[in-house]
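Everything on this sheet refers to the single structure shown next.
Each chain gets a letter, A, B and so on, in the order the sequences are listed, and its residues count up from 1.
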Amino acid sequence: MRFSGLKILKEGLTGNKGWRPHWRDPQPKSEYDIIIIGGGGHGLACAHYLASQHGITNVAVLERGYIGGGNVGRNTTIVRANYSLPGNSEFYSHSLKLWEGLEQDLNYNVMHSQRGIINLFHSDGQRDDFARRGNMMLSQGDDAELLDTEGVRKKLPYLDFEQTRFPIFGGLFHARGGTARHDAVAWGFARGADSRGVDLIQKCEVTGIDIQNGVVTGVQTSRGPIRAKKVAMMGAGRSSQIADMAGMRLPIESHVLQAFVTEGLKPCIDHVITYGMGHFYISQSDKGGLVFGGDLDMYASYAARGNLPLVEHVVEAGMTLMPMIGKAKMLRSWGGIMDMSPDGSPIIDRTHIDGLFVSCGWCYGGFKAVPAGGHVMAHLLATDQYHPNATGFRLDRFRSGVGIIDEEATGSQHNLH
Amino acid sequence: MRVQGKGLIDRSRPIGFRFDGHRYEGFVGDTLASALLANDVKLVGRSFKYHRPRGIYSAGSEEPNALVTVGRGAGAEPNIRATVQELYSGLEARAQNAWPSVGFDLMAINDLAAPFLGAGFYYKTFMWPKAFWEKLYEPVIRHAAGLGALSGQANPDKYDRGFLFCDLLIIGAGPTGLMAALAAGRAGVDVILADEDCRMGGRLLAETKEIDGKPGFVWVDEVLAELDSLPNVRRMVRTTVTGAYDSGMFGALERVMHHTAQRDGGAPLETFWRIATKGAVLAAGALERSIAFRNNDRPGVMQAGAVRAYLNRWGVSPGKTMTVFANNDGAHQTARDLLDAGVHVAAVIDSRPDAPDIEGVQMIKGGLVKAASGGKQLEAISVIHNGTTEQIATDCLAVSGGWNPTVHLTCHLNGRPQWSEDIASFVPKMGAVPGMIAAGSCNGEMSTAQCLADGVKAVECALGITVKVDVPAAEDDPYRMRPLWAVPGKGRAWLDFQNDVSVKDITQAATENFSSVEHMKRYTTQGMATDQGKNSNMQALALLADATGRGIPETGTTTFRPPYSPVALAALGAGAQGKGFAPERKTTSHVFSEKMGAPMIAVGLWYRPSYFPKAGEKTWRESCDREVGYIRHSVGICDVSTLGKIDIQGPDAAALLDFVYTNMFSTLKVGRVRYGLMLREDGFVMDDGTTARLSDTHFVMTTTTAAAGDVMRHLEFVTQCLRPDWDVRFTSVTEQWAQFAVAGPESRALLNGILDAPIDAESVPFMACGPVSIGGVKGRLFRISFSGEHAYEIAVPSRFGESLFETLVARADAMEGGAYGMEALNVARVEKGFITHSEISGRVTAFDLGMERMLSAKKDCIGKTLSWRAGLTDPDRERMMGFKAVGAAKMLTAGAHLYPEDQDAHRVHDQGHITSVAWSPDLERYVALGMVRGGSARLGERLRMVDGVRGIETHVEVVDPVQFDPEGGRVRG
Amino acid sequence: MRIQCPICGSRDRREFYYKGDALALKRPAPDAGAEAWDDYVYLRDNPAGWHSELWQHEAGCGAWLVVERNITSHEIRKVTLAEDAT
């Protein structure tokens, strides 16, 4: 079924009786060419691209809960390509380009809105860092504009330019950055994969990974064993547990990241804004809620919920930066489990076990990476070659020291990225 | 309309207020909602999506409809629930989300298009043409959505935060909570009793049933009087416990001044409390649920319990001709109370054929309300009974589909509530929040008598004690209810009133395979409005269970998340607005520097002078060039107290330094200073600085300003976690010592003017240190230089800092020198190739900085092993070098990238970037430091420098990082 | 979240700094080899349950603590001084 305005019109006139499931609920087959563990954004995108780009449709996505139930459905929806370092820069650029054609590719409105991102800076040193980042973006072919204080004031007149603790020196404006409707991304990829024959199997928990003589042969699940030629571990948030089934220890620590939304308000914030002197980022959803977030709670956690110190800290940053939000009321807070890697960058690689692949370590940057994360993983699974825009995310980079991509420059302590 | 002889309001004290520009009158004790109903104002808002008319629905914080904006100007508060806003004289409120007015709202046209705007319609359209989403569709959607508006101005009101501690937190002061507080209070336990209402008592204020032979509110007043006499009980009204957190922490919002017009007094408008408690009793009560039928969202359709509350607590009947629609006995009390008050009750429709009778009322047993009619307010209902449909005129229908325990807080730590067939609802799971016991109706105990008894039991359970309290006699009616979620039929029957979610949306979601409860919620937006599904989630998931053929327990609930009811950001972030976000650290020279006109810039938490302008100087560069001249040609003074200073003492002090620095410190002679490089364990550079040896067992380490805290923590880690056997102690003395750089060829001459004993090249050679005396004050002198000049740093106890700085500057002035700021300091260090955190970015190794020789081969140190990994010693890594402009443009900029001269400025050709730039007045050109692939192997090579974001491009030559005085003669004086 | 500092008593989480897995106490010998160092600095067990980890009472007594905490429920069952653990 193709979605369109016309289809909506026709259904509206005939009592909306013709809608069909967006995806099937198939029984698992006994064998697949490729099994993807984890029905989140990356797993679903990978399945979609395996089918649509590589013609590989004998694929199952195994999800222990419901599809899109992880971080793809609980983030602050920011989409951007504004990284400083080689390795990241080309990958996120690749991802943004996929975003820009995603609705048409998926026939699903994911409400990708390029409303522009402004990273604020508050010192000369930060300005230089953002100039470096902006220059990297330009050299990648992406957009970047360095704003001075007046330039920021023109776009964001409601910020506190007078009394705030750390004055605003300017901002890096990334016009093509923005937001998307997070759930729709998962659903759009799910529908894309399903319509091409991929089996999306919900409530199917992987309980073991079968390996014989160093070669993966399938998985054990709560719905029985399933054989597979290749298995992709794409269950960020539970990566360590999944890898453990293959006897692997990953460079991952799990942390909780909270996010927040206020009650609906009339439009007041058009851009995505990030603060430079504390972790705080904010945008306004199409429903009118101010969606914002900050740093990790900073202690290891598998509980998708946080505690007050971080809640308060994030709001404090918001209040010093834009005190007009004071009368907005926090409606809901929630948490997601982040695969924190030791350099803040992801891992997309083979493993030492033949046929077993891993995508993990997305830290809190996984949402904007969903299209490319799925795309390059599909490429790796289908061709056994690294995608040219994802050659740097190697599993062994920490042992060798080659190609560590430490965007935050905070080193090997997982929670500091 | 107001009903005589009813209510707990003070009719002797009328209050004037405004709603949507019209003046009305209410009484002390009213809420905005009760006063509006008393004035027959039925239409108070518009729904979110279809802009359908909305009236007051509930009498509590769960209100989905009556959201208004209170106040004007910067202090205007959007989305205030009229049901909890206490009336005060002069209160001004406005309806929201309607244009031009709530009575005539043009956006109501959306409702006509509703067949095309069902669940998830937007996922299926607005995709063509591609560019139209941002330009057309989205702006239209954004404009239509949202509820109230922010003023756009900075919050003008005072908010506060605080900590509270207790043994037992009791949440809710209805019959359960009051009884619990009485039991715990009498037992001498430290109790906090919190209730979101302005008046404690809960449903007892809204019901006519007696306790202990007296009206409920009388019993409440007696209990409150006793509680107030107990010093161990703290009663907090207007306080919503918003969230349960780990280890007995709770968040709570106290609305301190919202019930008054006062905004400028000493008390905050709101206070957000963090409450640490050993145990908690959740006595949050229950919320009444609705029954969906066609047009059940018309103003005038209300909760049956809310109708009783308006009647019994506020003396208001929300209608003149009342009707009741219920599936349970309890709602019948609404009709009885109305009859007793002399209000006309046209009919009671009970879906149960075996429902009991009510004297004096037309009972329609086994009947269903099929539809409501009327536009902006309810006019009639059509009732189907025994196959015939009857129209009944009514302007207020009281609906009850039963009650849902308020389980929210029990789920905040990921606990899932459990299905109870008895009450056809979810009840808390025991132990879901450690230390918290749910009691009373939030635990599924539905009679007053049960609640009272359960309150006592909960205290015993929470504290593990036995208390002796007589539980008074009270109503103990059985809870008789037969589930009814929606009345089948044509048209739209509504669930989520604010988000306009209908029963059809739920079934359509199931059809489209959004059959997981989370998928349904996200696809339809059911439960995502400001009431977070308090009024409708239970029905929605029951209907989803029906549609998917699963049971309700298997369908489960969505996740309950904090806060229980919305909390103003100004409260959660109280104190941070303006300068309060972070502490402000000021040096002893701060006041004097400001007096000299220096712009103070934030460096971490510190403030430091940027430069010291003199009369006639038009730009910062003029001042900076002059100050660099002081350093290079006479003498300059700079406050360097912000650098971290750590005093390290003990027999193993040298061993510690050897272990945390790459180079050796155990070989450092007493009275000497050495530069040290500190690595993280992963081999990258963490910090640098000088350390002075004052005695065999006594060192003073300096860190960079930025990393002072990190280094202190690192030393604690090393000594406590890795080498607890070492006998060494250290403490930060950053605040204790004021320290000033005295730099320039005349520095020794200047010092000799103030030191009690003069120094010379032999007594204090380069990198020497030792005690000095300045006018009898004991200080320390270090001959170190961050400028490459003959220079010193002189330190005195902080209380002498201000006067020493003034003295030094005065002396320097007299020698044609003076104070210099951060800008000049930076110029001098870039000229000399000295690094700061612009270079020590966290991604560089000692090797990258050209300091690999500082990695002593004779010892282990933190970071040593991993710094030798292949990837970290690759000669092709970006390594630090100096740069000078050789192109037509002479400007260099930090953040610019480097490319081969014959290549595009494309990522794949990137050779590195510029990290620091300064204008050197002596060299009369820009000097720069930066990172370039291959480092010193590129010496003399020319590269393209491109700073696209600043529109600057030139050619540079790779030079030695030390661009000024490369022989280093000046520093030795 | 609150942590029972053995020196200061029960304190709010915001007084503490979190480092990570308590394996940081077991620093390998310089010549232990690449695998041992990779295990120490980068790789983590990251169990969805009981976890022994290092916190510092930074805004209090400064003590480094080994905290046994269930990182799924956040329950804390034991806190000891790090210097007693090595």
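- Contacts between B:Ala113 and chain A at a heavy-atom distance below 4.5 Å are absent for every atom of the residue.
- By the 4.0 Å N-to-carboxylate-O rule, B:Arg950 lies close enough to A:Asp128 to be salt-bridged with it.
- Of all non-hydrogen atoms in A:Lys287 and B:Phe48, the two that sit nearest each other are O-CZ, 3.0 Å.
- Neither the backbone nor the side chain of A:Leu321 comes within contact range of chain B; no heavy atoms are under 4.5 Å apart.
- Residue A:Asp406 touches chain B through both its backbone and its side chain, counting heavy-atom pairs closer than 4.5 Å.
- With a threshold of 4.5 angstrom between heavy atoms, A:Lys17 does not approach chain B through any atom at all.
- For the pair B:Val949/A:Met137, no side-chain contact is recorded, criterion being any heavy-atom separation below 4.5 Å from C-beta on.
- Using a 4.5 Å heavy-atom threshold, the side chains of A:Met330 and B:Pro563 count as touching.
- Judged by distance alone, the side chain of A:Ser400 and the main-chain N or O of B:Gly871 form no donor-acceptor pair under 3.5 Å.
- How far CG of B:Asp910 is from CG of A:Leu85: 10.5 Å, rounded to the nearest 0.5 Å.
- Of the atoms belonging to A:Gln104, it is side-chain heavy atoms, and not backbone ones, that fall under 4.5 Å from chain B.
- Heavy atoms closer than 4.5 Å to chain B are found nowhere in A:Phe173, neither backbone nor side chain.
- Taking OH from B:Tyr122 and CE from A:Met111, the interatomic distance works out to 6.0 Å, rounded to the nearest 0.5 Å.
- Neither the backbone nor the side chain of A:Gln258 comes within contact range of chain B, judged by heavy atoms closer than 4.5 Å.
- Heavy-atom distances place the side chain of A:Phe166, and not its backbone, under 4.5 Å from chain B.
- Proximity to chain B involves both the backbone and the side chain of A:Ser113, based on heavy atoms less than 4.5 angstrom apart.
- Using a 4.5 Å cut-off on side-chain heavy atoms (C-beta onward), A:Lys329 and B:Ile80 make contact.
- Proximity to chain B is limited to the backbone of A:Arg24, based on heavy atoms less than 4.5 angstrom apart.
- Contact annotation for B:His837: neither backbone nor side-chain heavy atoms come within less than 4.5 Å of a heavy atom of chain A.
- For A:Asp124, the part lying near chain B is the side chain, with the backbone staying farther off; criterion is any non-hydrogen pair under 4.5 Å.
- Heavy atoms of A:Arg399 lying under 4.5 Å from chain B belong exclusively to its backbone.
- Of the atoms belonging to A:His122, not a single heavy atom falls under 4.5 Å from chain B.
- Between B:Tyr159 and A:Met319, the closest side-chain pair of non-hydrogen atoms is not below 4.5 Å.
- B:Phe581 and A:Tyr275 have their aromatic ring centers within a separation under 6.0 angstrom.
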